[in-house]
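What follows is one structure encoded as structure tokens, with my remarks underneath.
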Amino acid sequence: MDQIDRNILRELQSDGRLTIQDLAQRVGLTSSPCMRRVRQLEQDGVIQGYRAIINPEAVGRGFEVLVSIEVKRDREAVEEFEAALQGIPDVIEAYRLFGSPGCLLRIAVADITAYERLWIERLTTLSGITEVNSQIIMKRVKEPRGLPVDG
């Protein structure tokens with residue numbers, strides 16, 4: 001990956017809706033070689049997709065919670081837990097961690113009542129769970145803006 005590829009990645013992370021013409025101009029290429037590079041980055045799995053960034057409040061999910069969960073430390077319990085998470089749309093991110101806690105979730109719901117319902121009806125009923133701790137997000141200090149792509 002050379003500096004032009006890195007510039008392409010930087011520009012697309014900033015604005016994934018750029019036309020190939022605008023992207024090419026920003027990175028100092030003509031349209032055809034720029035398009036070839038973008039397609040190659042997609043085929044190589046460097047670019048994994050394109051998404052819209054949605055305002056959580058606008059879709060009724062402005063209440064976010066970070067949840068640390070302890071899961072029994074055996075393969076079957078962990079696999080079953082991770083599979084169950086796939087069926088809970090309110091869990092918008094999930095990470096298995098080294099050490100304790102074993103798992104960290106980011107959850108987006110409408111309000112504290114919705115979170116309480118999710119906690120009681122779904123999270124605490126997942127098999128293999130030994131502990132659930134919740135931290136309510138007061139304020140997002142830094143928004144995700146993509147990965148640094150400098151070499």
Side-chain angles (χ1 to χ4, degrees), residues 1-71 73 75 77-112 114-115 117-119 122-123 126 128-129 131-151:
M1 181 177 313
D2 64 12
Q3 192 57 46
I4 293 173
D5 288 336
R6 292 179 189 285
N7 290 342
I8 288 170
L9 295 174
R10 189 177 302 103
E11 293 297 332
L12 287 175
Q13 282 189 116
S14 176
D15 183 357
R17 294 187 63 169
L18 283 173
T19 65
I20 285 297
Q21 293 80 13
D22 289 339
L23 178 60
Q25 183 178 16
R26 289 185 186 191
V27 300
L29 293 174
T30 58
S31 295
S32 291
C34 184
M35 181 57 135
R36 277 194 300 275
R37 283 178 178 257
V38 169
R39 284 195 179 133
Q40 190 64 54
L41 290 166
E42 291 169 347
Q43 288 172 359
D44 292 346
V46 177
I47 297 173
Q48 296 180 336
Y50 301 88
R51 293 183 175 91
I53 299 169
I54 298 170
N55 177 342
E57 304 264 341
V59 293
R61 293 191 175 266
F63 189 82
E64 291 189 24
V65 183
L66 296 176
V67 179
S68 56
I69 294 183
E70 286 295 345
V71 181
R73 303 287 176 160
R75 183 179 183 163
V78 170
E79 288 175 353
E80 190 175 323
F81 169 76
E82 290 179 358
L85 287 180
Q86 304 306 315
I88 305 174
D90 301 317
V91 176
I92 57 175
E93 292 181 71
Y95 301 93
R96 185 187 321 160
L97 306 175
F98 286 106
S100 187
C103 187
L104 181 65
L105 310 178
R106 184 169 148 233
I107 292 175
V109 291
D111 53 30
I112 197 161
Y115 177 65
R117 188 172 43 258
L118 175 71
W119 190 89
R122 299 295 298 272
L123 296 180
L126 295 172
I129 299 295
E131 189 174 338
V132 178
N133 292 300
S134 307
Q135 296 82 36
I136 297 170
I137 296 175
M138 180 187 306
K139 174 184 175 184
R140 186 176 299 201
V141 177
K142 184 176 179 182
E143 294 284 334
R145 294 286 179 211
L147 296 171
V149 292
D150 296 327

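These numbers come from the heavy atoms of this one structure, side chains and all, not from hydrogens, waters or symmetry mates. No experiment lies behind these values; they were computed from the predicted model shown.
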side-chain contact (heavy atoms from CB on, under 4.5 Å) assessment of M1 paired with L9: CA-CA 11 Å; M1 181 177 313; L9 295 174; 3.7 Å; yes

Going from CD1 on I107 to CG on L118, what distance comes out if it is rounded to the nearest 0.5 angstrom? 5.0 Å

Drop me the distance from L85's CG to I69's CD1, to the nearest 0.5 angstrom. 6.5 Å

Please examine the side chains of P56 and F63, heavy atoms only from C-beta on, and report whether any two atoms are closer than 4.5 Å. no

Flag the pair R145 / Q13 as yes when at least one side-chain heavy-atom distance between them is below 4.5 Å, and no otherwise. no

Tell me whether D150 is salt-bridged to R10, with the criterion being a basic N under 4.0 Å from an acidic carboxylate O. yes

Are C103 and L105 side-chain neighbours, meaning at least one heavy-atom pair lies under 4.5 Å? yes

Between V109 and W119, does the side-chain contact (heavy atoms from CB on, under 4.5 Å) criterion hold? Intermediate values first, please. CA-CA 11 Å; V109 291; W119 190 89; over 6 Å; no

d(D2 CG, I8 CD1) to nearest 0.5 Å is 8.0 Å

Dump the intermediate steps for side-chain contact (heavy atoms from CB on, under 4.5 Å) on V149 and N7, then the final yes or no. CA-CA 8 Å; V149 292; N7 290 342; over 6 Å; no

Step through the shown structure and confirm whether more than 12 heavy atoms of other residues, nucleotides or ligands are within 6.0 Å of CD1 on I137. yes

Do any N or O atoms from the side chain of R61 and from the backbone of A108 form a donor-acceptor pair under 3.5 angstrom? yes

For residues D5 and Q3, is any side-chain donor paired with an opposing acceptor at under 3.5 Å? no

Any donor and acceptor pair, going by atom type alone, linking the side chain of E42 with main-chain N or O of Q48 inside 3.5 Å? no

4.5 Å side-chain heavy-atom contact, V27 and E11: yes

The reported gap from OG in S32 to CD1 in I20 (rounded to nearest 0.5 angstrom) is 10.0 Å

Start with the C-alpha gap between L23 and D15, add the side-chain angles, then the distance that decides, and say whether side-chain contact (heavy atoms from CB on, under 4.5 Å) holds. CA-CA 9 Å; L23 178 60; D15 183 357; over 6 Å; no

Over all heavy atoms of both residues, which pair between S31 and Q21 is shortest? Give the atoms and the distance, please. OG-CG, 3.6 Å

For E93, does its backbone N or O pair with a side-chain atom of R106 as donor and acceptor, under 3.5 Å? no

Take atom CD in Q25; do more than 12 heavy atoms of anything else shown fall under 6.0 Å from it? no

Can you tell me if R75 has over 12 outside heavy atoms packed within less than 6.0 Å of its CZ? no

Any chance you could measure E70, atom CD, to F81, atom CZ, to the nearest 0.5 Å? 10.0 Å

Specify the closest pair of heavy atoms between L123 and I129, including all atoms of both residues, with the distance to one decimal. O-CG1, 3.9 Å

Any side-chain heavy atom of S68 within less than 4.5 Å of one from Q135? yes

Look at the side chain of D44 and the backbone N and O of V46, then say whether any donor-acceptor pair between them is shorter than 3.5 Å. no

Rounded at 0.5 Å granularity, tell me how far CG in L29 sits from CE in M35. 13.0 Å

Is the number of heavy atoms from other residues, nucleotides or ligands under 6.0 Å of R140 CZ greater than 12? yes

Of all the heavy-atom pairs spanning A114 and D111, show the shortest one and how long it is. N-OD1, 2.8 Å

